[in-house]
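Residue numbers start from 1 in every chain, and the chains themselves are labelled A, B, ... in the order their sequence lines are given, proteins ahead of strands.
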Number of protein chains: 2
Amino acid sequence: MAHVASAEEKIRSFPERCHQAGLKVTQQRREIYALLAGSQAHPCPEEIYEQIRDALPSLSLATVYKIVDQFHRHGLLRKVPTRSQVARYDARTEEHHHLVCTTCDGIEDVMLPPLPPRLTRLPDDIDFHAQSYELVFHGVCSACRATQRAQG
Amino acid sequence: MAHVASAEEKIRSFPERCHQAGLKVTQQRREIYALLAGSQAHPCPEEIYEQIRDALPSLSLATVYKIVDQFHRHGLLRKVPTRSQVARYDARTEEHHHLVCTTCDGIEDVMLPPLPPRLTRLPDDIDFHAQSYELVFHGVCSACRATQRAQG
DNA sequence: TTAGATGCAAATCTTTTGCAGTGCG
DNA sequence: CGCACTGCAAAAGATTTGCATCTAA
């Protein structure tokens with residue numbers, strides 16, 4: 001499965017990407033990165049913390065916040081723009097887009113063919129240097145629609 | 001200027017849109033809606049509160065939260081997806097996109113020609129009912145680039 | 001008249017900070 | 001060995017809730 005192979009590659013190249021960024025490779029960082037690289041769920045810091053506690057009981061939530069923030073600032077993680085007040089992280093840094101469920105706040109990745117540059121070029125009267133863009137879809141995910149049907 | 005005229009129309013039709021939504025028209029709601037309709041700044045609840053206090057000193061911050069949430073749930077406001085933990089609101093409900101400054105967290109609106117439906121159609125293997133989408137650009141705004149140049 | 005709205009204060013939830021101790025390089 | 005990293009606890013920031021009072025319809 002393409003996704004799993006890609007996650008393994010990311011985990012394998014993680015130490016050298018830390019070195020390039022001037023970050024030390026600690027167990028906390030390895031665990032957090034591996035969790036995110038292997039997940040489709042775009043977890044928030046609290047969820048990351050809960051899921052890694054089993055493997056690393058000494059982990060603290062403040063450390064999770066510090067690590068994901070560092071990773072984000074060094075380009076190892078993306079932060080997904082959402083309408084909710086909790087931060088959501090994604091280890092896929094290549095171009096892709098997001099589906100956000102308005103019912104459960106779940107986030108899914110979606111690959112789309114690249115948009116032609118002329119369609120994402122900003123108007124001449126806008127003085128803004130865009131470094132990246134993404135599409136954010138809002139709607140209802142499969143699981144929530146099933147629940148809605150079951151409950152009438 | 002097209003924007004101003006549009007804001008006036010929105011403010012004029014505000015009472016009937018409240019009635020349709022089953023909401024009473026109060027002074028707090030009028031002030032909050034008028035502020036947002038006349039603003040380009042996508043303010044957060046705290047900023048809305050500060051700016052309306054002058055005209056309505058009895059206003060409470062909790063009320064601002066309740067009102068913008070109601071407006072959002074009834075489609076009178078959009079909530080802009082961002083990477084930060086504070087909610088940002090927009091009275092423009094027609095299709096448009098957002099420029100988010102990674103330096104100052106400022107948000108600007110941008111109109112782009114509509115994307116051809118074939119480019120935003122989700123792949124067949126994705127079971128998600130999208131109701132809307134928007135483009136979110138991340139980059140650096142004009143004011144922050146000027147500051148950066150001045151400071152070296 | 002009355003259901004819904006507001007204001008206040010307290011509670012809750014999320015994120016950040018300061019600092020002492022630890023461990024990677 | 002030294003500097004960056006971690007964990008803890010406390011602080012700060014954002015949002016929600018409960019309830020008494022008020023007000024638009």
Side chain of A/Ser58 only, heavy atoms from C-beta on: which candidate in D/dG7, C/dG7, D/dA25 is closest?
D/dG7

Which nucleotide in the list C/dA5, C/dT15, D/dT16 gets nearest to the side chain of B/Tyr65?
D/dT16

For B/Leu61 and for B/Leu23, locate the closest nucleotide of DNA chain D by heavy-atom distance; then report the residue assigned to the nucleotide nearer the 5' terminus.
B/Leu61

Whole Å only: how far is the NE2 atom of B/His72 from the P atom of D/dT16?
12 Å

Just the rounded figure in Å: distance from C1' of C/dT15 to CG of B/Asp105.
14 Å

OP1 or OP2 of D/dG7 under 4.0 Å from side-chain N/O of A/Gln28
yes

Nearest whole angstrom, please: distance from the C1' of C/dT16 to the OH of A/Tyr49.
16 Å

If you only use heavy atoms from C-beta on, which nucleotide in D/dT15, C/dT14, C/dA5 is closest to the side chain of A/Val86?
C/dT14

Does OP1 or OP2 of D/dC5 have a side-chain N or O of A/Gln70 closer than 4.0 Å?
yes

Please report, rounded to the nearest Å, how far the P atom of C/dC13 is from the CD atom of A/Glu47.
15 Å

Rounded to the nearest angstrom, tell me the gap between atom CZ in B/Arg30 and atom C1' in D/dT23.
12 Å

Determine the minimum heavy-atom distance between B/Ala91 and B/Leu77, stating which atoms define it.
CA-CD2, 3.8 Å

Nucleotide nearest A/Leu59 (side chain, heavy atoms from C-beta), chosen from D/dT17, C/dT15, D/dG7:
D/dG7

Between A/Leu36 and A/Tyr89, which heavy-atom pair has the shortest distance, and what is it?
CD2-O, 3.7 Å

What closest approach, in Å, do B/Cys141 and B/Cys104 show between heavy atoms, and which atom pair accounts for it?
SG-SG, 3.9 Å

Which pair of non-hydrogen atoms, one from B/Arg92 and one from B/Asp109, has the smallest distance, and what is that distance?
CD-OD2, 3.1 Å

Between the base of C/dG4 and the side chain of B/Lys66, is there any donor-acceptor pair under 3.5 Å?
no

Answer with yes or no after comparing the ring centroid distance for A/Phe71 and A/Phe14 against a 6.0 Å cut-off, counting only values under it.
yes

When you check the phosphate oxygens OP1 and OP2 of D/dA24, does a side-chain N or O of B/Gln27 lie under 4.0 Å from one of them?
no

Quick one: is C/dG23 close enough that its OP1 or OP2 comes under 4.0 Å of any side-chain N or O from A/Thr26?
no

How far apart are the C-alpha atoms of A/Arg88 and A/Asp105, what are their side-chain angles, what is the distance that settles it, and do they pass the salt bridge (Lys or Arg N to Asp or Glu O under 4.0 Å) test?
CA-CA 10 Å; A/Arg88 303 286 292 267; A/Asp105 276 323; 5.5 Å; no

B/Gln85 side chain, from C-beta outward: closest of C/dT15, D/dT6, C/dA5
C/dT15

OP1 or OP2 of C/dC8 versus the side-chain N and O atoms of B/Ser60: is any pair under 4.0 Å?
no

Looking at B/His19, I'd like to know whether one of its side-chain N or O atoms comes within less than 4.0 Å of OP1 or OP2 on D/dA25.
yes

Rounded to the Å, how far apart are B/Gln20 CD and D/dA25 P?
14 Å

Look at the side chain of A/Lys24 and decide which nucleotide, out of D/dC5, C/dA5, D/dG7, has an atom nearest to it.
D/dC5

Gap between atoms CZ and P, on B/Arg29 and D/dA24 respectively (whole Å)
12 Å

Nearest whole angstrom, please: distance from the C1' of D/dT23 to the CD1 of B/Ile67.
13 Å

